Amino acid sequence: MRCAPNPNGPWHVGHARMPAVIGTYRERYDGWFCVRFDDTDPETKRPDMEAYDAILEDLDYLGFEPDEIYRASDRLETYYEHARELIEMGGAYTCSCSGEEFSELKNAGKPCPHRDKDVETVLEEFEDMIDGEYSSGEMVLRVKTDIEHKNPALRDWVAFRMIDTPHPRAEASEYRCWPMLDFQSGVDDHLLGMTHIIRGIDLQDSAKRQQFVYDYFDWEYPEVVHWGHVQLDDYDVKVSTSTISALIEDGELDGWDDPRAPTLKSLRRRGIRGEAIVDSMVELGTSTSDVDLAMSSIYSNNRDLIDEETDRRFFVREGTEVPLTESPPAEANPPLHPNHEDRGVREIPSGDAVLLEADDIPAAENRVWLKGLGCFEHTDDSLAYTGDDIDVVREGDVDVIHWVPAAESVPVRLRTMDGDVSGRAEPGVAALEADELVQFERVGFARIDHHESDGGEERTVAYYTHP
RNA sequence: GCUCCGAUAGUGUAGUCCGGCCAAUCAUAUUGCCCUCUCACGGCAAUGACCAGGGUUCGAAUCCCUGUCGGAGCACCA
């Protein structure tokens, strides 16, 4: 099987579907899969030189290593060879009709005057195409199919055309005569031994087009499955490389890993495992209709992977300072993980005042349990310690909330899909290493991205993963 | 205009080929309860779907027709 990306940018989430499915099938059926960059249009689908590696990185993030990597732009001579053979069999002809002219004839089911040229002339003109004797638009090589075929999409399609713009890869920059996807991909799929092809519904007619070439060569066409497009809920940004690219260009997004971008780099930075994405993609199946992938499905799969190993911490968003009175304990020691007491406890000093989230501040005279610290009653704009008897919580009339000390907490900027959130976290967070995952209790999971200096004070930047 | 394809709960999916075991599977979501010093994890329960109309048949989610809705191609893009 193959994954045949157009290297025009890093991958968005939808791109994960192909490697997820074929990578899973490879493991399940002891198969083989390659990545083949179908980079045969140096102009309108001009390859982005950085995208080749970016895509391979994304693939690695998902947890797959291709058995082989090809670039179509390295294989032009192979395509030329096959074109020559096809011409000799009378299966293709050079054509100098303009696009409009040919389109009219085609729609009327009429052949163009070039269709009956003799093989020698076609061969000569094709060599001239290869030698760059024509410029863009002057000459194409068409596959002779059935000019009266009831589906106009299949009639004498273009196999090679001239492109004046040099290919960005130095190795391919001298070529001017480029194959179209249906020819290139059709030939490669056979040559590289594909047994199964999965592709989008936009390529529904490809197999039918390529079948004509396969018939000329007497090849057997691989099994083919078409699937629809994937859209994601929870995102304002369309899942489209060009859309995302434009938003980055305009400064609407900070980059391919902006948490608001539906890209693999973004999910990775948020601390979502590639495996969770793969699991969700495989669950989507391969139906031909368009599907909506619920982000909650990815989140659920990710929680399965990270919950047990992720330590807990406190983080208070936009905290309100409340003084503590009546001598509460000086330090709280909640466990790093409730299901794994052996990992130890955190050391959180309480100090004279704590920060709480506005919604958590109890009404006057009401009690609240500061997790790890004890029970407090809201009196006179402060929280008065009333004891450490956990039974008040068990009885159900006191809520347990998270908190941080006003003095010894550390500033955190949490980057989320809905923008940045400022707050403060318990002291231990400053010592966490980049890339570590935490669960901010009652807030959600987050990935520590880096620590930065903000006017003399150290600040931690984290990316929100999911609830 | 021509040519393809599709339609099962909020989302995804099983079942459709070879009609009965489907008053429809599983996951996720939502809600409630239990567990819990988290609104995490875990356990239990509830909610919720065969696009519409005809036809064939003893019997249709499954076969046929029509319609509706949605998607795709008809590029010298991939």
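Just so we're on the same page: letters track the sequence lines, and every chain starts at 1. Below, each value reflects all heavy atoms present in this structure, side chains not excepted, and no hydrogens, waters or symmetry copies. On a predicted model such as this, the values are computed, not experimentally measured, just so you know.
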*Sticking with atom C1', work out how far B:U11 lies from B:A29, rounded to a whole angstrom.*
8 Å
*Indicate the ring-plane relationship of A:His402 and A:Phe314, choosing parallel, tilted or perpendicular according to the 30° and 60° boundaries.*
tilted
*Under a 4.0 Å N-O cut-off, is there an ion pair linking A:Asp38 with A:Arg71?*
no
*asked:* Holding to salt bridge (charged side-chain N to carboxylate O under 4.0 Å, His left out), I want the full list of residues that pass it with A:Asp360, two or more places apart in sequence or in another chain.
replied: A:Arg442
*Expressed in whole Å, how much space separates the P atoms belonging to B:A78 and B:A61?*
46 Å
*Please report, rounded to the nearest Å, how far the C1' atom of B:U13 is from the CE atom of A:Met281.*
15 Å
*Could you pull out all residues at least two apart from A:Arg17 that satisfy side-chain hydrogen bond (donor to acceptor under 3.5 Å, both in side chains)?*
none
_Nearest heavy atoms of A:Leu264 and A:Val13, plus distance in Å_ = CD2-CA, 4.0 Å
*Would A:Asp311 and A:Arg346 pass as an ion pair if we require N to O under 4.0 Å?*
no
*Kindly state each residue pair satisfying salt bridge (Lys or Arg N to Asp or Glu O under 4.0 Å) with at least one member in residues 147-163 of chain A, sequence neighbours excluded.*
A:Asp41-A:Arg161, A:Arg115-A:Asp156
*Taking CD from A:Glu104 and C1' from B:C2, how many angstroms apart are they, rounded to a whole number?*
16 Å
*Roughly how many Å is it from CG in A:Leu284 to P in B:A14, rounded to a whole number?*
11 Å
*For RNA chain B, what is the dot-bracket line, given that a base pair needs Watson-Crick (N1 to N3, plus N6-O4 or O6-N4) or G-U wobble (N1-O2 and O6-N3) geometry with both distances under 3.5 Å, and | means paired with another strand?*
(((((((..(((.......[.....)))((((((.......))))))...(((((..]....))))))))))))....
_SB check A:Arg367 A:Glu377 (cutoff 4.0 Å)_ = no
*How long is the line joining CG of A:Leu232 and P of B:A29, in whole Å?*
16 Å
*Over how many whole Å does the gap from A:Asp399 atom CG to B:U36 atom P extend?*
16 Å
_Distance check needed: B:U38 C1' versus A:Arg317 CZ, whole Å only._
12 Å
*Between A:Asp39 and A:Tyr52: side-chain donor-acceptor atoms closer than 3.5 Å*: yes
*What is the distance, rounded to the nearest whole Å, between atom CG of A:Asp311 and atom C1' of B:U38?*
14 Å
_Does A:Ser287 reach a base, just sugar-phosphate, or nothing at all? Heavy atoms under 4.0 Å._
sugar-phosphate
*Look at all strands and tell whether A:Lys150 reaches a base, only sugar-phosphate, or nothing, counting heavy atoms closer than 4.0 Å.*
sugar-phosphate
_With a cut-off of less than 4.0 Å, is there a side-chain N or O of A:Arg394 near OP1 or OP2 of B:U36?_
no
*Does any donor atom in the side chain of A:Glu77 or A:Tyr175 lie under 3.5 Å from an acceptor atom in the other side chain?*
yes
Report each atom pair, protein N/O against N/O of nucleotides 40-46 of chain B, whose distance is under 3.5 angstrom.
from: B:A40; atom 1: O4'; to: A:Gln439; atom 2: NE2; distance (Å): 3.2
from: B:A40; atom 1: O2'; to: A:Asp307; atom 2: OD1; distance (Å): 2.7
from: B:A40; atom 1: N3; to: A:Arg312; atom 2: NH2; distance (Å): 2.9
from: B:C41; atom 1: OP1; to: A:Arg303; atom 2: NE; distance (Å): 2.7
from: B:C41; atom 1: O4'; to: A:Asp307; atom 2: OD2; distance (Å): 2.9

*Would you please indicate if the ring centroids of A:His466 and A:Phe445 are separated by under 6.0 Å?*
yes
*Can you check the A:Trp227 CH2 to B:U13 P distance for me, whole Å?*
12 Å
*asked:* I'd like to compare against my own output: the B/S/- annotation of nucleotides 72-78 of chain B with a strict under-4.0 Å heavy-atom distance to protein.
replied: BBBSBBB
*Would a line drawn from the ring center of A:Phe160 to the ring center of A:Phe126 be shorter than 6.0 Å?*
yes
